[in-house]
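Would you mind keeping the following structure in view while I ask a few things?
For the numbers below, each heavy atom of this structure counts, side chains included, while hydrogens, waters and symmetry mates do not. Just so it is clear: chains get the letters A, B, ... in the order the sequence lines come, proteins before strands, and each one is counted from 1.
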Protein chains: 4
Amino acid sequence: MKKNPVDSRRIKESAILEAALRVIKKKGFHKARMGDIAREAGISYGLVYHYFKTKEDLLETILGRWWDGLFGLMAETRAAGENVPEKLRRIILFLLDSYQHHPNLVNIFITEISRSTANLTRKRLERFKGFMALTEEVIVEGQTKGVLRDDFKARYLTYIFLGSLEAFVSAMVLVNQKIKGDGQKEKIAESILEVFLNGARNKKKAKRPGA
Amino acid sequence: MKKNPVDSRRIKESAILEAALRVIKKKGFHKARMGDIAREAGISYGLVYHYFKTKEDLLETILGRWWDGLFGLMAETRAAGENVPEKLRRIILFLLDSYQHHPNLVNIFITEISRSTANLTRKRLERFKGFMALTEEVIVEGQTKGVLRDDFKARYLTYIFLGSLEAFVSAMVLVNQKIKGDGQKEKIAESILEVFLNGARNKKKAKRPGA
Amino acid sequence: MKKNPVDSRRIKESAILEAALRVIKKKGFHKARMGDIAREAGISYGLVYHYFKTKEDLLETILGRWWDGLFGLMAETRAAGENVPEKLRRIILFLLDSYQHHPNLVNIFITEISRSTANLTRKRLERFKGFMALTEEVIVEGQTKGVLRDDFKARYLTYIFLGSLEAFVSAMVLVNQKIKGDGQKEKIAESILEVFLNGARNKKKAKRPGA
Amino acid sequence: MKKNPVDSRRIKESAILEAALRVIKKKGFHKARMGDIAREAGISYGLVYHYFKTKEDLLETILGRWWDGLFGLMAETRAAGENVPEKLRRIILFLLDSYQHHPNLVNIFITEISRSTANLTRKRLERFKGFMALTEEVIVEGQTKGVLRDDFKARYLTYIFLGSLEAFVSAMVLVNQKIKGDGQKEKIAESILEVFLNGARNKKKAKRPGA
DNA sequence: TATGAATGAGGGTTCATTCAT
DNA sequence: AATGAATGAACCCTCATTCAT
């Protein structure tokens, strides 16, 4: 029984990508050498180039996977006839899910792309803005349906929503914290959504002495 | 009348730092060459080394300025006997102020440091965590005084607060948006604080009979 | 009926050599990659190594064909009891013939070998000098028999003869000019020989009273 | 007395160019490594790049010098109201002169450019054709004035003329022959011109037994 | 203080060649 | 005979840093 050469290729590609994820996470994209990646993948130097045209191509492939997942989710979310809070929860869970299963991928997305102008190509910026726009769409829907307050620009609320979410994941990335099981994940999602919707103010004992 | 040599040195150093800010903003720290910075500052690149030991030192000095300001603020904030929302507003305004007056500095802080593991030294991580801890202190104070809800970890609320804030500034950085005057700045600060405290949910149409 | 395996081998070898000729002509020997040659021949690049030990071996084989033909001609020429101008015409026609039927081969000979020290091995230099010597032999014969002037070194006349010839072919190679039929070929040969023998000076208007 | 920095730069550039000439002559352009050139020039690796942008730039500069000289000569030749044989002699002498004083330069011109398609850029081809055209102009003038036979295309005579000349120099290049003094140079020039004008046929004893 | 020539380690990429299948 | 995955030496170029002036 021979191995299917196409599968074999896929497997090797994935192995290289995984190795790249580990190395880039550790050293950053710039300081990650192709030799490091090859060694990490347990293959020779030149073989990386058999599968990926350039180092940049490697990053692009990695990011492509991320974006494919993210835009896929946004399409599903749009299609599903759920209410707005449920849609927002989906977005939160996608990021947390991604982080749970591919922490290196999320790390790289956050450290190398979402903030770094150094690696920001036009294509990447467009994708980024595209994702922002889709999120804003949900926020606008919420405002239109009266679920979300409309005394602030949708754009502002979008920033705040995604900012909270990203800060969470970033912080976990920064301190290498793992998500322990689905329970914790749900709890975090709940916190983010709840605070975004209802705020951090304590409503029960709302008497502020110095107010 | 000769110029004071110490002042003269300061002036030149600042000129180099400003040039560095512009170049790093444009190309990212890694791709910013010492030659670029020297040319931007209008001096020979050998001279940069008279004022700064290494390229890394340049970045360190730039970041030092940022952190000095931030920790100075946090000290003031701590000292001032204000209530918690006021303290939070101070933090927000410091970031927006910084961005207003030194957009490049904030940009670099956000793109090169707050997210990139590549340039993350132990020292930087410590400062970062230190700032987080000071912010969390304010949050805890809010929970203790009953101003902020305590059904979530203070750590979570801190993430959400700083995340919203950072997302705002980052987004402005990303699209090169300028803050037009203090009015807009106050308004943005108000939005962030208001949503953080009271949430994005529309309370007018909520089923609150006694509203 | 199976194909004769030896013939089969020959056919494949030739296919590779032809492909190599085309690629080397287009990109030069150095820039011609084994992969290019394989693709041009419609086979995998590993297979090239079944037929030719190295890239160098490929070139050697190509050149060998050329030299075999050339030395074969020179032997014939020597054997044939023709007069000197006839012998010179033979040499000219051989080159033009070769160019007519194997322009790529002649191109490579001229661009990669006859001039480039880069690809000049001892063996190649020897063959080159050998050909020069054989040509010079004809020239000397001409001088001895009183057909060619002997107020110049035979070596000089040889240079001039081969130089004219080579320049013609080179120029055609350079501009990718095709030889259109035997007529044009004969005419070119005639021009070269005529000018070599009688010079470019216009004798009609020359003051030769007894003309 | 300080050295003029501009002069100093010129001197260093020339030193590098001379080193490059030697190395390229020995190994061919392709096999000449920048490291070889640096070592040959007695300087560090990186310094070559201080003076020349790329390896290609080095070659371009070398060739530029050659072409500048050649086109300069052609302009002078055109301007001088000499007769056609004198003009042809000038062209011959320029090449022989160049070879006498810069044998490596001529070698590279001949081996890397005049024949190699590998290094043939559009710009180079244009210059080459330009030189051919200028030479042809002289030939046409000769035909018009009745000095040269007009029963052959001017283009053909041009090939033959330049071919003879080039073959001479090439042959000397190939066997590393030096031109010993101006006397030999004049003699060679005379030979080439004489044979080109009057042919190789022995007119004195023009009786060819087998004719 | 100021210049920019000089250094050289480092890294991305290419490609001839080998080898397992 | 045939494929193409695998290897790794080689080489161009960049650029932070040093140094002579």
>> Please give me the minimum heavy-atom distance between D/D57 and D/F52, naming the atom from each residue.
In response: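 Taking every non-hydrogen atom into account, OD2-CA, 3.6 Å.
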> Can you tell me if the side-chain N/O atoms of B/Y49 get under 4.0 Å from OP1 or OP2 in F/dT17?
Replying inline: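 Checking F/dT17 against B/Y49, a side-chain N or O does come within under 4.0 Å of OP1 or OP2.
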> For the pair made of CG in D/L58 and C1' in F/dC12, what is the distance, rounded to whole Å?
Replying inline: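 After rounding, the gap between these two atoms is 12 Å.
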> To the nearest angstrom, how far is B/R33 atom CZ from F/dA16 atom P?
Replying inline: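 It works out to 8 Å between those atoms.
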>> On the nucleotide F/dA5, are OP1 or OP2 found under 4.0 Å from the side-chain N or O atoms that A/H50 carries?
In response: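 So the side-chain polar atoms of A/H50 do come within 4.0 Å of the phosphate oxygens OP1 or OP2 of F/dA5, strictly under.
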>> Please report the distance, rounded to the nearest Å, between CG in A/L47 and C1' in E/dC15.
In response: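 These atoms are roughly 14 Å apart.
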> Closer to the 5' end of DNA chain F via nearest nucleotide, is it D/M34 or B/M34?
Replying inline: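 Checking each residue's closest nucleotide, the 5'-ward one belongs to D/M34.
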> Is there a side-chain polar atom (N or O) of B/K53 under 4.0 Å from OP1 or OP2 of F/dT17?
Replying inline: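 So the side-chain polar atoms of B/K53 never come under 4.0 Å of the phosphate oxygens OP1 or OP2 of F/dT17.
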> Starting at the 5' end of DNA chain E, which residue's closest nucleotide do you reach first, C/T54 or B/G42?
Replying inline: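 First, find each residue's nearest nucleotide; the 5'-ward one identifies B/G42.
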>> In whole Å, I'd like the distance from the NZ atom of B/K27 to the C1' atom of F/dT14.
In response: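 These atoms are roughly 12 Å apart.
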>> Please determine whether a side-chain nitrogen or oxygen atom of B/K12 lies at a distance below 4.0 Å from atom OP1 or OP2 of E/dA2.
In response: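 Result: yes.
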> Considering every strand shown, what is the Watson-Crick or G-U wobble mate of F/dT7 when both distances are under 3.5 Å?
Replying inline: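 Partner of F/dT7: E/dA16.
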> Whole Å only: how far is the CD atom of D/E13 from the P atom of E/dA6?
Replying inline: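 The answer, rounded to whole Å, is 11 Å.
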> Does A/R9 have a side-chain nitrogen or oxygen under 4.0 Å from the phosphate oxygens OP1 or OP2 of F/dG4?
Replying inline: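 It does not, given that no N or O in the side chain of A/R9 lies less than 4.0 Å from OP1 or OP2 of F/dG4.
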>> Testing D/K25, D/K26, D/K27 one by one against D/V23 for a side-chain contact (heavy atoms from CB on, under 4.5 Å), which residue passes?
In response: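 Only match with D/V23 under side-chain contact (heavy atoms from CB on, under 4.5 Å): D/K27.
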> Where is the tightest heavy-atom contact between B/I16 and B/A41, given as atom of each residue plus distance?
Replying inline: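 Answer, listing the atom of B/I16 first, then B/A41: CA-CB, 4.3 Å.
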>> If the threshold is 4.0 Å, N to carboxylate O, is there a salt bridge linking B/D36 and B/R39?
In response: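 Result for this pair is yes, salt bridge flagged.
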>> Students often get this wrong, so: under 4.0 angstrom with heavy atoms, is D/A38 touching a base, only sugar-phosphate, or nothing?
In response: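 Nothing: the residue D/A38, judged by heavy atoms under 4.0 Å, touches no strand.
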>> Does the structure show a Watson-Crick or G-U wobble partner for F/dA1, both distances under 3.5 Å? Name it, or say none.
In response: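 The base-pairing partner of F/dA1, which may sit in any strand shown, does not exist here.
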> Between the side-chain atoms of A/Y45 and the base atoms of E/dG11, is any donor-acceptor pair under 3.5 Å?
Replying inline: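 Answer no: no donor N or O sits under 3.5 Å from an acceptor.
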> Quick one: D/L59 CG to F/dC13 C1', roughly how many Å, whole number?
Replying inline: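 Computing the D/L59:CG to F/dC13:C1' distance gives 17 Å.
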> If each of C/G35 and D/S44 is mapped to the nucleotide of DNA chain E with the nearest heavy atom, which maps nearer the 5' terminus, i.e. the 5' end?
Replying inline: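 By nearest-heavy-atom nucleotide position, the 5'-most residue is D/S44.
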>> Taking any heavy-atom pair under 4.0 Å as a contact, classify D/Y51: base, sugar-phosphate, or nothing.
In response: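 Sugar-phosphate, no base atom in range.
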>> Reading DNA chain F from 5' onward, which residue's closest nucleotide shows up sooner: C/V48 or A/G46?
In response: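 In this pair, the answer is C/V48.
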>> Looking at every non-hydrogen atom in both residues, tell me the closest pair between A/F128 and A/W67 and how far apart they are.
In response: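 What the structure gives for the nearest pair is CA-CH2, 3.7 Å.
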>> Rounding to an integer number of Å, can you tell me how far D/K31 NZ sits from F/dA9 C1'?
In response: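 Atom-to-atom, D/K31 to F/dA9, this comes out as 16 Å.
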> Picking from B/R65, B/R124, B/K55, B/K53, what satisfies side chain to side chain donor-acceptor pair (under 3.5 Å) with B/E60?
Replying inline: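 Looking at B/R65, B/R124, B/K55, B/K53, the match for B/E60 under the side chain to side chain donor-acceptor pair (under 3.5 Å) is B/R124.
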>> In whole Å, I'd like the distance from the CD1 atom of C/I43 to the C1' atom of F/dA1.
In response: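 After rounding, the reported distance stands at 11 Å.
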